[in-house]
Amino acid sequence: MRGNYRWWIGGLLFLSTVINYLDRQTLSVLGPTLKTEFSWSNQDFALIIIAFRIAYAVMQTVSGRVLDRIGTRNGLTLSVLWYSTVAVLTSLATGLRSFCGFRFLLGAGEAANWPGATKAVSEWFPRRERGWAVALFDSGSSVGAAVAPALVLFLTAHFGGWRPAFVVTGLLGFLWVIAWRRSYHPPETHPKITEAERAMILADRAAEQAETPHEQGEQRLHHWSELLRLRQTWGVIAARGLTDPVWFMIADWFAIYLVAKGWNLEEMAAGFWVPFLAADLGNFFGGGLSSWLIRRGWPVGRARRLVIVGGGLGVLALVPAAFASGFLVLLACFAVATFSYAAMSTMALSLPADLYQSRAVASVSGMSGTAAGIGTIGATYLIGIVADRFSFTPILLVASVIPLLGAVVVLLLVRNTAASGRGLVKVI
């Protein structure tokens, strides 16, 4: 790790995201089993998801603000301790109300992961590497979602019931906190990095600040209204608010969708992971392509926008998925869509670190997460109704075009303006 300690930090952020998704996907994998045991309809199951999403949406903005106040190290520590405890306690749930309550508390704790990881990337990585770093930690979501089916089904079979699955996946977070507390300090004061790595990180930061001369001596904590007056903030909000609901539609409902198509849990386990592996590859493709373009002299903003537009077009693969009858064809369509979404998502998650000074990164990331949460809540409610009354076909058709709309909004709003290089907003 000598000279590359920042990638150890990136690896810890990746593991945090994997654990975050294992904890939330445990319910999704067990969804068909729990629906049968408790006689839930799709609308009942949607209520449990919505309980999570309400807390997750509100706390994205709140946790972003808190992280900018108390710092990345303490903020992520508190977050992981909170949601790991709740994940373990979910094993005590006895019905719809208690599941809703535990999922609400889980969402409140898990909300800090993305604002916190984005803030850590802005502190530790130079601009040319941020796409890769965001791809690394964000890929944990698809890895966690891909691993969850096999792990949860194994634990359920091994222990003879679903409750131990919540306990085992929840305990992983406590191990992560130990490693995090031993490893994370700001690069300015970190005792384990080389002077060359420290100088490289701080030199890139100084170069960014040189492009924002009005920032010197101006370190007060911003107000949300100050950020919302900037068109770039609304572009960041749209980048996630119009894309994340599609990902969560797949992550939360994929098992139930496949069962509705006639496959059982054992058959699903053989292919369930494919769209999530594709998403993992998409994370690194998007981050790698944009970083390569930046090294070749492209402005950061143009490189990010190119990947976002390409990703929006790729999600249109959900259109043929809506009419596919063969399992392999269906998996292939979903894989193209999730690959494209993930490339786009990596760019959306990079934008706050690209656009804003460190003291505002978590707040902007949190606001975009809240927008994503609000969109996901509405989408989840409608999915439950449409799936019960009609089918998943119209759901997939609508989901295929929403990210492309988000890409158009980003093209219009995420650009240099008169505010760029003057205070909070960087030149991209």
Side-chain angles (χ1 to χ4, degrees), residues 16-17 20-21 23-25 27-28 45-68 75-76 79-80 82-83 86-87 99-119 134 137-138 140-142 144-145 224 227-228 233-254 279 341-342 344-349 351-352 361-385 395 398-399 402-403 405-406 409-410:
S16 171
T17 307
N20 185 293
Y21 254 75
D23 287 343
R24 73 172 72 176
Q25 288 300 108
L27 177 75
S28 298
F45 189 73
L47 289 176
I48 299 173
I49 299 174
I50 288 171
F52 175 94
R53 295 296 165 202
I54 289 174
Y56 194 78
V58 173
M59 290 303 295
Q60 285 262 313
T61 293
V62 174
S63 63
R65 184 75 167 182
V66 171
L67 279 156
D68 280 333
L76 283 179
S79 169
V80 177
W82 175 277
Y83 73 69
V86 174
F99 267 105
C100 286
F102 283 124
R103 296 303 282 188
F104 180 89
L105 294 174
L106 186 73
E110 289 200 345
N113 188 77
W114 272 260
T118 303
K119 186 174 178 66
V134 170
F137 85 71
D138 191 40
S141 60
S142 49
W224 282 317
L227 294 170
L228 290 173
T233 301
W234 290 102
V236 174
I237 288 172
R240 289 193 61 193
L242 294 175
T243 57
D244 275 29
V246 176
W247 168 254
F248 290 122
M249 179 270 293
I250 297 172
D252 291 335
W253 293 91
F254 195 47
Y341 159 81
M344 187 179 189
S345 173
T346 298
M347 299 299 94
L349 290 166
L351 289 177
V361 169
S363 293
V364 175
S365 179
M367 285 192 287
S368 68
T370 293
I374 292 171
T376 302
I377 290 167
T380 301
Y381 178 75
L382 292 174
I383 288 170
I385 294 175
I395 296 168
V398 173
I402 297 299
L405 175 61
V409 176
V410 170

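From a predicted model like this one, the values you see are computed outputs, not experimental measurements. Heavy-atom basis, side chains included; hydrogens, waters and symmetry copies ignored.
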What are the two closest non-hydrogen atoms of Gly64 and Pro115, and how far apart are they?
CA-CB, 4.1 Å
Tell me, please, which residues at least two apart from Thr376 pass side chain to side chain donor-acceptor pair (under 3.5 Å).
none
Quick one: side-chain contact (heavy atoms from CB on, under 4.5 Å) partners of Ala239, sequence neighbours excluded?
Ala348, Leu351, Val410
Once side chain to side chain donor-acceptor pair (under 3.5 Å) is applied, do any residues pair with Thr17, and if so which ones, sequence neighbours excluded?
Asn113
Measuring from Lys119:NZ to Leu76:CG, what's the distance to the nearest 0.5 Å?
10.5 Å
Tell me, please, which residues at least two apart from Val66 pass side-chain contact (heavy atoms from CB on, under 4.5 Å).
Val62, Ile70
For Met367, does its backbone N or O pair with a side-chain atom of Gln60 as donor and acceptor, under 3.5 Å?
no
Mind checking what makes side chain to side chain donor-acceptor pair (under 3.5 Å) contact with Asp244, not counting sequence neighbours?
Arg240, Tyr341
What's the spacing between Ile377 CD1 and Ile49 CD1 if we round to 0.5 Å?
11.5 Å
Residues passing the side chain to side chain donor-acceptor pair (under 3.5 Å) test with Thr346, sequence neighbours excluded, are Asn283
Which residues share a side-chain contact (heavy atoms from CB on, under 4.5 Å) with Ala46, sequence neighbours left out
Trp253, Thr380
Nearest 0.5 Å, what's the CG-SG distance between Leu105 and Cys100?
11.5 Å
If you compare all heavy atoms of Gly107 against all heavy atoms of Ala55, which two are closest, and at what distance to 0.1 Å?
C-CB, 4.0 Å
Kindly give the heavy-atom pair with the smallest separation between Tyr83 and Leu106, and that separation in Å.
O-CD1, 3.4 Å
When rounded to the nearest 0.5 Å, the distance separating CD of Glu110 from CZ of Arg24 is 4.5 Å
Give every residue pair that meets the salt bridge (charged side-chain N to carboxylate O under 4.0 Å, His left out) criterion with at least one member in residues 363-381, sequence neighbours excluded.
none
For Val361 versus Thr118, what's the shortest heavy-atom pair and its separation?
CG1-CG2, 3.7 Å
4.5 Å side-chain heavy-atom contact, Ser28 and Phe254:
no
Has Trp82 got a side-chain atom pairing as donor or acceptor with Ala108's backbone, closer than 3.5 angstrom?
no
If you look at every heavy atom in Leu228 and Trp234, which pair is closest and at what distance?
O-NE1, 2.7 Å
Quick one: CG on Leu242 to CE on Met344, what's the gap to the nearest 0.5 Å?
8.0 Å
Ile385: partners by side-chain contact (heavy atoms from CB on, under 4.5 Å), with sequence neighbours left out
Gln43, Tyr381, Arg389
Partners of Phe52 by ring pair (Phe, Tyr, Trp, His ring centres under 6.0 Å), sequence neighbours excluded?
Tyr56
Without swapping roles, check the side chain of Asp23 against the backbone of Ala87 for a donor-acceptor pair under 3.5 Å.
no
Between Thr370 and Val58, what is the shortest heavy-atom contact and its length?
OG1-O, 4.1 Å
Heavy-atom distance under 4.5 Å between the side chains of Ile402 and Thr243, does that happen here?
no
Return yes if a side-chain donor-acceptor contact under 3.5 Å exists between Asp138 and Trp114, otherwise no.
yes
Residue pairs passing the salt bridge (charged side-chain N to carboxylate O under 4.0 Å, His left out) test with at least one member in residues 45-63, sequence neighbours excluded, are Arg53-Asp252
Nearest-0.5 Å distance that lies between atom CG in Leu67 and atom CZ in Arg65:
12.0 Å
Under 3.5 Å, is there a donor-acceptor pair between the side chain of Ser365 and the main chain of Pro352?
no
